[in-house]
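The figures here come from the full heavy-atom set of this structure, side chains too, leaving out hydrogens, waters and symmetry mates. The structure presented is a predicted model; accordingly, all values stated were derived computationally and were not measured.
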Amino acid sequence: MPVLFILTVIVQILFAWHVHRTGRNMNWIFLILMLPGMGCLIYFLVEVLPEVVRGPVGHKAQRKFRLWRDPDKEFRETKYAFDTAPTIANRIKLAQLLTAQRNYDAVIALLEPALADHFKDDVLLLEGLAYAYYDKGDYKNTLAYIQKIYDRDDGSAPQDYIKLLRARAYIGLGELETAKAHLLHLTLTFTGEEARIALAQLHERMGEAAEARAVYQDIVTRSKHSPAHYQRYEREWIEMAKKKLEKA
């Protein structure tokens with residue numbers, strides 16, 4: 001049986017399955033089966049391609065193409081938007097692009113002046129500054145801005161990723177016992193495996209090999225009983241734990 005014929009049949013089956021799965025007009029299946037190759041092409045051009053172009057995948061691909069063609073365009077547009085309308089939203093978006101460029105001093109210079117009046121406790125500004133100082137290696141100021149997040153009087157608790165950043169800032173300062181205490185508490189509630197990885201790495205740094213191995217083993221064991229989507233989302237940390245166990 002010619003290879004081309006087999007491939008055509010496989011493509012027909014896949015397109016017919018797509019028609020059924022997406023609830024499209026069943027007449028498409030008749031066209032796909034009666035006109036091998038041409039029917040699939042027509043279906044793809046009429047039904048599939050427009051959906052891809054309009055959907056998240058298409059928008060992501062278009063954005064990547066624009067960045068490839070003109071990598072500085074988004075920054076110029078965001079900078080112009082901020083210069084003409086220095087809103088908090090435009091300021092934060094520009095800060096995110098500057099962070100991607102690792103221009104942490106510029107991020108700090110951009111965000112700190114905005115901490116005034118009714119934005120003096122804005123959590124997005126405070127978080128942006130905490131991360132900028134951490135990435136810069138200034139852990140004291142990192143903790144200072146994290147404390148401002150804790151001191152906000154709106155009654156909301158800091159997000160777990162801020163608690164993780166706090167622990168890492170203590171590690172940066174060499175206050176390992178304090179960091180460990182925070183991580184041990186955080187791993188009880190943290191969604192995902194990043195906090196456990198941070199705790200295991202801290203155990204290793206402190207020469208606590210058995211404790212580190214126990215955390216890595218816990219990550220691997222629990223991941224085996226986790227839903228597939230969780231395993232995909234946390235793959236980076238799960239694979240890291242597996243590699244650590246292999247080397248132990």
Side-chain angles (χ1 to χ4, degrees), residues 56-175 178-179 182-183 186 189-195 197-198 201-202 233-234 236-237:
V57 175
H59 286 301
K60 187 175 181 180
Q62 292 174 32
R63 184 173 182 273
K64 285 185 176 180
F65 176 74
R66 288 195 297 269
L67 287 174
W68 171 79
R69 187 178 60 183
D70 187 358
D72 296 325
K73 183 178 180 181
E74 184 178 14
F75 180 81
R76 292 198 308 271
E77 290 177 345
T78 303
K79 182 67 166 59
Y80 175 78
F82 171 72
D83 289 341
T84 55
T87 63
I88 293 298
N90 286 339
R91 190 181 294 268
I92 290 173
K93 185 176 180 181
L94 181 58
Q96 291 171 337
L97 295 179
L98 288 168
T99 299
Q101 297 175 1
R102 300 184 179 182
N103 193 346
Y104 307 123
D105 286 328
V107 173
I108 292 166
L110 180 68
L111 296 184
E112 280 188 331
L115 289 172
D117 301 326
H118 57 284
F119 288 111
K120 64 184 177 65
D121 294 324
D122 186 271
V123 67
L124 293 179
L125 294 175
L126 294 172
E127 288 180 359
L129 284 163
Y131 274 104
Y133 275 111
Y134 178 82
D135 291 331
K136 186 182 176 183
D138 186 340
Y139 306 119
K140 287 186 177 180
N141 271 315
T142 300
L143 290 172
Y145 276 105
I146 290 175
Q147 189 58 50
K148 289 179 183 293
I149 296 173
Y150 273 86
D151 292 342
R152 294 171 73 244
D153 57 5
D154 65 349
S156 61
Q159 297 292 324
D160 279 352
Y161 55 81
I162 291 298
K163 297 176 183 178
L164 179 57
L165 182 65
R166 178 177 62 175
R168 286 181 165 149
Y170 278 119
I171 293 173
L173 288 173
E175 298 183 27
T178 301
H182 284 297
L183 286 174
L186 181 57
T189 59
F190 194 87
T191 301
E193 305 299 336
E194 187 177 2
I197 287 291
Q201 291 173 334
L202 180 57
Y233 192 79
E234 299 296 319
E236 176 186 355
W237 310 116

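- Nearest approach of Val107 to Ala95, heavy atoms of both residues: CG2-O, 3.6 Å.
- A salt bridge is absent between Lys93 and Glu77: the closest approach of a Lys/Arg side-chain nitrogen to an acidic carboxylate oxygen does not fall below 4.0 angstrom.
- Under a 3.5 Å cut-off, the side chain of Asp122 and the backbone N or O of Leu124 do form a donor-acceptor pair.
- Heavy-atom contacts from other residues, nucleotides or ligands closer than 6.0 Å to OH of Tyr80 number 12 or fewer.
- With values rounded to the nearest 0.5 angstrom, Leu143 atom CG is found 9.5 Å from Asp138 atom CG.
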Assess whether salt bridge (Lys or Arg N to Asp or Glu O under 4.0 Å) is satisfied between Asp160 and Lys163, documenting all intermediate values. CA-CA 5 Å; Asp160 279 352; Lys163 297 176 183 178; 3.7 Å; yes
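- In this structure, Asn103 CG and Phe75 CZ are separated by 8.0 Å, a value rounded to the nearest 0.5 Å.
- Considering only heavy atoms from C-beta on, Phe82 stays 4.5 Å or farther from Thr78 through its side chain.
- Contact of the Tyr145 side chain with the Ile108 side chain is not registered, since no non-hydrogen atoms from C-beta on lie closer than 4.5 Å.
- Scanning all heavy atoms of the two residues, the minimum distance from Phe190 to Ala195 falls at CG-CB, 3.6 Å.
- With a 4.5 Å cut-off on side-chain heavy atoms, Lys79 and Asp83 count as touching.
- When all heavy atoms are compared, the tightest approach of Ile197 to Trp237 is CD1-O, 3.5 Å.
- Atom CG of Leu94 is separated from atom CZ of Arg91 by 9.0 Å, given to the nearest 0.5 angstrom.
- Here the side chain of Asn90 pairs a donor or acceptor atom with the backbone of Ala85 at under 3.5 angstrom.
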Evaluation steps, side chain to side chain contact (heavy atoms under 4.5 Å, CB included), between Leu126 and Leu111: CA-CA 8 Å; Leu126 294 172; Leu111 296 184; over 6 Å; no
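- No side-chain donor-acceptor contact under 3.5 Å links Glu194 and Tyr161.
- Of all the heavy atoms in Ala167 and Ala179, the pair that sits closest is O-CB, 3.5 Å.
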For side chain to side chain contact (heavy atoms under 4.5 Å, CB included), just list the numbers for Asn141 and Tyr134, CA-CA rounded to whole Å, side-chain angles, deciding distance to a tenth of an Å, and then say yes or no. CA-CA 8 Å; Asn141 271 315; Tyr134 178 82; over 6 Å; no
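- Side-chain contact between Leu98 and Tyr104: absent, with no pair of heavy atoms (C-beta onward) separated by less than 4.5 Å.
- Between Arg102 and Asp135 no salt bridge is recorded (no basic side-chain N to carboxylate O distance below 4.0 Å).
- Annotation: side chain of Asp121 is not in contact with side chain of Lys148 (no heavy-atom distance under 4.5 Å).
- What you find for Ile162 and Glu127 is that their closest heavy atoms are CD1-CG, 3.6 Å.
- Summarising the geometry of Ala198 relative to Arg168, their closest heavy-atom pair is CB-NH2, 4.1 Å, with the distance given to 0.1 Å.
- Residues Phe119 and Leu125 meet the side-chain proximity criterion, which asks for heavy atoms closer than 4.5 Å.
- Paired with Thr142 under the rule side-chain contact (heavy atoms from CB on, under 4.5 Å), one option of Leu173, Leu129, Leu165 passes, and it is Leu165.
- Between Leu164 and Leu183 the shortest side-chain heavy-atom distance falls below 4.5 Å.
- Side-chain atoms of Glu193 never come within 3.5 Å of backbone atoms of Glu234 as a donor-acceptor pair (strictly under, hydrogens ignored).
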